[in-house]
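Here the structure comes first, spelled out in C-alpha cells, and everything after it is commentary.
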Amino acid sequence: MRYLIPLVTLATACASSSDAAGEMVDIPAGTYTIGSDVGPGDARPAHAVTLDGFAIDRHEVTNAAFAEFLNTLDVEVMRDAPAGAVDARHLRGPDAPRLLTDTSPRPIAELDDSDARIALQGGRFVAAPGYERHPAPESTWYGARAYCAWRDARLPTEAEWEAAARGARGVRYPWGDEPPDASRALYGRPRGQTLPVGSHPAGATPEGVHDLAGSLAEWTSSLYRPYPYVAGDGREDPDAAGERVTRGGDYVFDNTPERLTAHFRGGFSRAPEHGHRHIGFRCAR
C-alpha cells in the first residue's frame, strides 16, 4: 500500500515525549554573514543579515520522533483504506486549523519508498529496528512544517539555518574552516547508509548543533529565490508555490567538500510535495 499522507490529518497539537520534543540550542541575536563571493552562483553575494535570537534543534528529527508524530493521525481509518485512497475524506483532525495556513490536502510523507525507515505495523507507525535514532528521510516540506507546528515550533528560515551553521565568525563549515573528513561529517556513503544523529561530535558547531553538514540535507521555510536574502520579499510566505530551500549537504556518495559548506544552497531536490531519500529536517523556535 502506498502511504502518501495528507497534511490535514493532524489529530493532536502537542508532542508528548522528550524524544519528540527535541533539545534546542539558543542562537543569539546579531548580524551574521551568509552567502559567499567565491561560492556557486546561487550563494552569491556574501552579505549581512540581522536576526533576532532564536533556538534550533540540536539534532535532526529522528525516525522515532517522526513516527510518534504520525501516530497522532487517524491510523485505524488509514489502515483499512484501499491503496491510493488515503486522503482527507478518510481522516479527521480538530487541531488541523491551528497547524495549517490553508485547507488543501497536502502530503506529509512518502513511506512507500525503499529509503523510508518508518512503517505501519499493527495499526501504529514504528521506526525500523536499529534506525530509531537515525535522521528521518522522506518527509515532505509540508510534513516537516506540520511536525514542527505539532511541537509548537517551526522550520528555520535559510538565513537562520546558515547563521546557526556559520556562527558570528562566518566560518566555512559548521566546525570551522578546515575541510570535512570522516570524523566531522557523514558523506560519500552509499544510498540508505545513514547513522544515528550526533555520531560526529567533531563536526558540531561550537554551540553544540550537530550534523549541519552531511547526514541528511534539511528543509528550511524559505522559497528558493536568489540572494541577497530579504525576509520581507515573499520568500517566507508559507502559502506561496515553489521549491523550498534545502541545506547542509547529505550523505550520498557524490557529495564533495564544496557541497558541505554552510553557504551551499543548491543541488538538491526541493519539491515541497514530495519526500526525498536524502532530505530530513530540524525545527526552530
Side-chain angles (χ1 to χ4, degrees), residues 15 18-36 39 43 46-62 65 133-136 144 147-148 151-187 194-222 229 231 236 245-251 255 257-265 279-285:
S18 58
D19 185 37
E23 182 182 358
M24 296 185 122
V25 174
D26 290 328
I27 307 298
T31 299
Y32 294 86
T33 297
I34 67 172
S36 170
H47 57 288
V49 294
T50 300
L51 301 173
D52 294 332
F54 64 98
I56 194 166
D57 282 353
R58 187 178 300 277
H59 299 294
E60 293 170 312
V61 172
T62 65
R133 287 198 52 77
H134 287 230
Y147 170 90
C148 291
R151 275 182 41 195
D152 291 322
R154 58 177 173 77
L155 287 172
T157 69
E158 72 162 321
E160 289 174 332
W161 191 100
E162 188 168 338
R166 301 183 72 175
R169 295 189 298 123
V171 293
R172 185 172 175 81
Y173 300 99
W175 54 84
D177 291 319
E178 302 81 9
D181 60 30
S183 73
R184 295 187 173 108
L186 181 69
Y187 68 105
T194 55
L195 287 175
V197 297
S199 292
H200 295 80
T205 69
E207 295 76 21
V209 185
H210 290 252
D211 300 317
L212 288 168
S215 189
L216 296 185
E218 300 175 15
W219 291 114
T220 72
S221 63
S222 308
Y229 177 89
E236 296 301 339
V245 176
T246 56
R247 289 303 206 103
D250 58 52
Y251 69 92
N255 257 336
E258 176 60 34
R259 288 172 174 256
L260 300 183
T261 58
H263 61 256
F264 186 76
R265 59 194 296 262
I279 300 176
F281 66 99
R282 71 182 75 217
C283 303
R285 181 177 294 118

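In this chain, residues are counted from 1 in sequence order.
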*Hey, does Tyr173 have a side-chain heavy atom less than 4.5 Å from the side chain of Pro257?*
yes

Does this structure show an ion pair linking Glu160 with Arg154, if we count only N-O contacts that are shorter than 4.0 Å? yes

Take Ser215 and Glu60 through the side chain to side chain contact (heavy atoms under 4.5 Å, CB included) test and state the conclusion after the steps. CA-CA 9 Å; Ser215 189; Glu60 293 170 312; 2.8 Å; yes

- Are the side chain of Arg58 and the backbone N or O of Glu23 linked by a donor-acceptor pair below 3.5 Å? no

- Message: Check whether Arg133 reaches the backbone of Gly198 with its side chain - one donor and one acceptor, N or O, closer than 3.5 Å.
- Response: no

Margin query: Less than 4.5 Å apart, side chain to side chain, heavy atoms only: is that true for Pro156 and Phe281?
Written below: no

Next on the checklist: Using modelled atom types and a 3.5 Å cut-off, is there a donor and acceptor pairing between side-chain atoms of Asp211 and backbone atoms of Gly214?
Outcome noted: no

Report task. Answer yes or no: is there a side-chain heavy-atom contact under 4.5 Å between Thr50 and Thr31? Result -> yes

Review point. Counting distance only, does the side-chain N/O of Arg247 pair as donor-acceptor with the main-chain N or O of Ala262 below 3.5 Å?
Key: yes

Handout entry: Check: Leu195 and Leu186 side chains under 4.5 Å, non-hydrogen atoms
Key = yes

Is there a donor-acceptor contact under 3.5 Å from the side chain of Trp161 to the main chain of Ala164? no

Q. Does some side-chain heavy atom of Val209 sit less than 4.5 Å from a side-chain heavy atom of Ile56?
A. yes

Exam field: side chain Asp26 to backbone Ala55, donor-acceptor pair closer than 3.5 Å: no

Heavy-atom distance under 4.5 Å between the side chains of Asp250 and Tyr187, does that happen here? no

Original post:
Looking at side-chain heavy atoms only, is the closest gap between Pro206 and Trp175 below 4.5 Å?
Top reply: no

Notebook entry, point to check: Would you say His47's side chain and Thr33's backbone share a donor-acceptor pair under 3.5 angstrom?
Noted result: no

Q: Please assess Arg172 against Glu258 for the test salt bridge (charged side-chain N to carboxylate O under 4.0 Å, His left out), listing each intermediate value before the final yes or no.
A: CA-CA 10 Å; Arg172 185 172 175 81; Glu258 176 60 34; 2.9 Å; yes

Contact between Phe54 and Val25 at the side-chain level, heavy atoms closer than 4.5 Å - yes or no?
no

Review point. Between Asp57 and Arg151, is there a side-chain N and carboxylate O pair less than 4.0 Å apart?
Key: yes

query = Are side-chain N/O atoms of Ser222 and Thr157 paired as donor and acceptor at under 3.5 Å?
reply = no

Note to self: For Arg282, is there an ion pair with Glu218 - N to carboxylate O distance below 4.0 angstrom?
What the structure shows: yes

| query | Going through the checks in order, is the side chain to side chain contact (heavy atoms under 4.5 Å, CB included) test met by Leu155 and Tyr147? | reply | CA-CA 9 Å; Leu155 287 172; Tyr147 170 90; over 6 Å; no

